[in-house]
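What follows is a set of notes on a single structure, which appears directly below.
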Amino acid sequence: MRVPTSPGDQQPDGRPDGAEPGPRAERDPWAAPPPGSEPVERVPYPVATPWGAPHPRNGMGVSALVLGITGVLLSLFIVLFWLAWLPALLALIFGGIGLSQARKGLATNRGMALTGVILGVAGLLIAAASAVFTAVIVDKAVDHVRAKVEESKASDESSKKAEAAAEKARHLAFGEAYTFTNGLKVTVGKPGPFTPDEFANGHAKDNKAIEVTVTVVNTGAERVRVETGLPDVSDADGATAELVIDGSGRQKVIDGYVLPGRKAVGTYAFSLPPKAAGKAEVAFSPDALKLPDAYWSGALG
């Protein structure tokens, strides 16, 4: 049995008390709640921004790390250290910018930026050390080359002086002795007059014939062979004198071995023209293929 209510009463669904239930009305979700109902919590729909959330600016940190590694690697090579300063310097600059962006919250790779800065500083320091090391090495190499050049010049000058002294020692006056490197001591006496016989060959009429005596002494401990015992004679004008050969048997050519402590004597005749017969030069070597000539000169009587 339904209890009667006063005329102004309403049912919980909003209908007047005693009214028959009709079709359920659609409720506006945005309308105010009916009196006496519990408050409804409204959750706002998320509103999307046009471009989404901002991306972190990590490019400077990444660039600093890559450039720092490149700078350090280049600085470790002696031939490439001069290329290391640019990437190392850029790593230092980009790393500083990356750290600044990380402090402002614009970047999230502070570690990369810091590592780039450290590697940039290390690359610059190693490159500078490599430059100093290379400069020292090059300076030492230059000094070494300069010393070698000076030593070579000094050696050349010493060799020239020695050659000049040896050349001067090989020019002697008649009657002086010269010892060759094979131990043979040679003396050429002052030439005297020579009278060829009627069968002489190499002597022209009115020429002056001279006799040249060559003495060879073996001062060494072993026997030494005289490979050529024939001297060359030049007159006062420097022209080669003619060798005189006759049938007198007075000419003797040095040939064969000279024993230690022994000597060999050769006698030769030459013909000089009258106008150049006042002076002569005699060149002689006991081994013409291996030893240079020695020279004896002087005025003729």
Side-chain angles (χ1 to χ4, degrees), residues 74-85 125-191 212-241 254 257-264 266 279-299:
L74 290 176
S75 65
L76 294 177
F77 294 93
I78 298 300
V79 295
L80 298 177
F81 73 89
W82 55 277
L83 296 174
W85 69 271
L125 293 177
I126 297 175
S130 298
V132 174
F133 177 76
T134 303
V136 172
I137 294 298
V138 170
D139 185 62
K140 288 185 178 180
V142 170
D143 290 341
H144 180 71
V145 172
R146 187 180 293 112
K148 286 294 184 181
V149 171
E150 295 296 333
E151 182 180 350
S152 178
K153 289 182 179 180
S155 178
D156 291 342
E157 293 178 359
S158 178
S159 298
K160 290 179 181 179
K161 289 180 180 180
E163 291 177 0
E167 180 68 20
K168 183 178 180 180
R170 291 198 304 270
H171 288 76
L172 307 103
F174 289 126
E176 295 180 343
Y178 179 79
T179 302
F180 289 85
T181 55
N182 61 357
L184 294 181
K185 182 179 179 180
V186 179
T187 304
V188 176
K190 183 176 181 179
V212 176
T213 302
V214 178
T215 303
V216 178
V217 179
N218 186 354
T219 63
E222 299 180 357
R223 65 175 187 170
V224 180
R225 181 178 178 84
V226 178
E227 298 294 341
T228 173
L230 187 66
D232 291 328
V233 178
S234 302
D235 59 25
D237 293 335
T240 301
I254 301 176
Y257 288 96
V258 180
L259 298 177
R262 304 295 293 274
K263 69 179 180 178
K279 183 179 180 181
E281 182 182 70
V282 179
F284 181 82
S285 173
D287 191 340
L289 297 178
K290 297 180 180 180
L291 301 174
D293 288 333
Y295 302 89
W296 288 262
S297 62

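Throughout, residue positions are numbered sequentially from 1 according to the sequence presented.
For Arg223, the CZ atom counts as loosely surrounded, since its 6.0 Å shell holds 12 or fewer non-hydrogen atoms of other residues, nucleotides or ligands. The local environment of CD in Glu150 is crowded, with over 12 non-hydrogen atoms from other residues, nucleotides or ligands closer than 6.0 Å.
Ser285 OG to Tyr295 OH: the interatomic distance, rounded to the nearest 0.5 Å, is 9.5 Å. Rounded to the nearest 0.5 Å, atoms CG (Leu125) and OG (Ser130) are 10.5 Å apart. With rounding to the nearest 0.5 Å, the separation of NZ in Lys168 from NZ in Lys161 is 13.5 Å. Arg170 contributes atom CZ, which lies 14.5 Å from atom CZ of Phe284 (distance to the nearest 0.5 angstrom). Between the NZ atom in Lys263 and the CD1 atom in Ile254 there is a gap of 11.0 Å [rounded to 0.5 Å]. Residue Leu74 holds its CG atom at 10.0 Å from CH2 of Trp82, rounded to the nearest 0.5 Å.
Phe77 meets the side chain to side chain contact (heavy atoms under 4.5 Å, CB included) test with Leu80; sequence neighbours excluded.
Listed for the Asp156 side chain is no donor-acceptor partner under 3.5 Å among the backbone atoms of Lys160. Remark: side-chain polar atoms of Ser159 are paired, donor with acceptor, to backbone N or O of Ser155 under 3.5 angstrom. Between the Asn182 side chain and the Leu184 main chain, a donor and an acceptor come within less than 3.5 Å of each other. Side-chain N or O atoms of Asp232 include none that pairs as donor or acceptor with a backbone N or O of Ala283 at under 3.5 Å. Remark: the backbone N or O of Glu176 is paired with a side-chain donor or acceptor of Trp296 at under 3.5 angstrom.
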message: As a quick check of understanding, evaluate side-chain contact (heavy atoms from CB on, under 4.5 Å) for Val282 and Val233, giving each step before the final call.
response: CA-CA 5 Å; Val282 179; Val233 178; 4.0 Å; yes
message: Checking Leu76 against Ile126 for the side-chain contact (heavy atoms from CB on, under 4.5 Å) test, could you report, in this order, the C-alpha distance in whole Å, the side-chain angles of both residues, the deciding distance, and whether it holds?
response: CA-CA 7 Å; Leu76 294 177; Ile126 297 175; 4.2 Å; yes
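Residues Tyr178 and Ala169 approach most closely at CD1-O, 3.5 Å, considering heavy atoms. The two atoms that bring Asn218 and Val224 nearest to each other are ND2-N, 3.7 Å, heavy atoms only. Summarising the geometry of Ser75 relative to Ala127, their closest heavy-atom pair is CB-N, 3.7 Å, with the distance given to 0.1 Å. Leu172 and Ala177 get closest at one heavy-atom pair: CD2-O, 3.4 Å. Across Gly189 and Phe174, no two heavy atoms sit closer than the pair O-CD2, 3.6 Å. Nearest heavy atom pair, residue Glu222 against residue Pro260, reads C-CG, 3.6 Å.
Classification of Lys140 and Asp143 as a salt-bridged pair fails, no side-chain N sitting under 4.0 Å from a carboxylate O.
When the options Leu289, Asp293, Asp287 are evaluated for a side-chain contact (heavy atoms from CB on, under 4.5 Å) with Leu291, the one that passes is Asp287.
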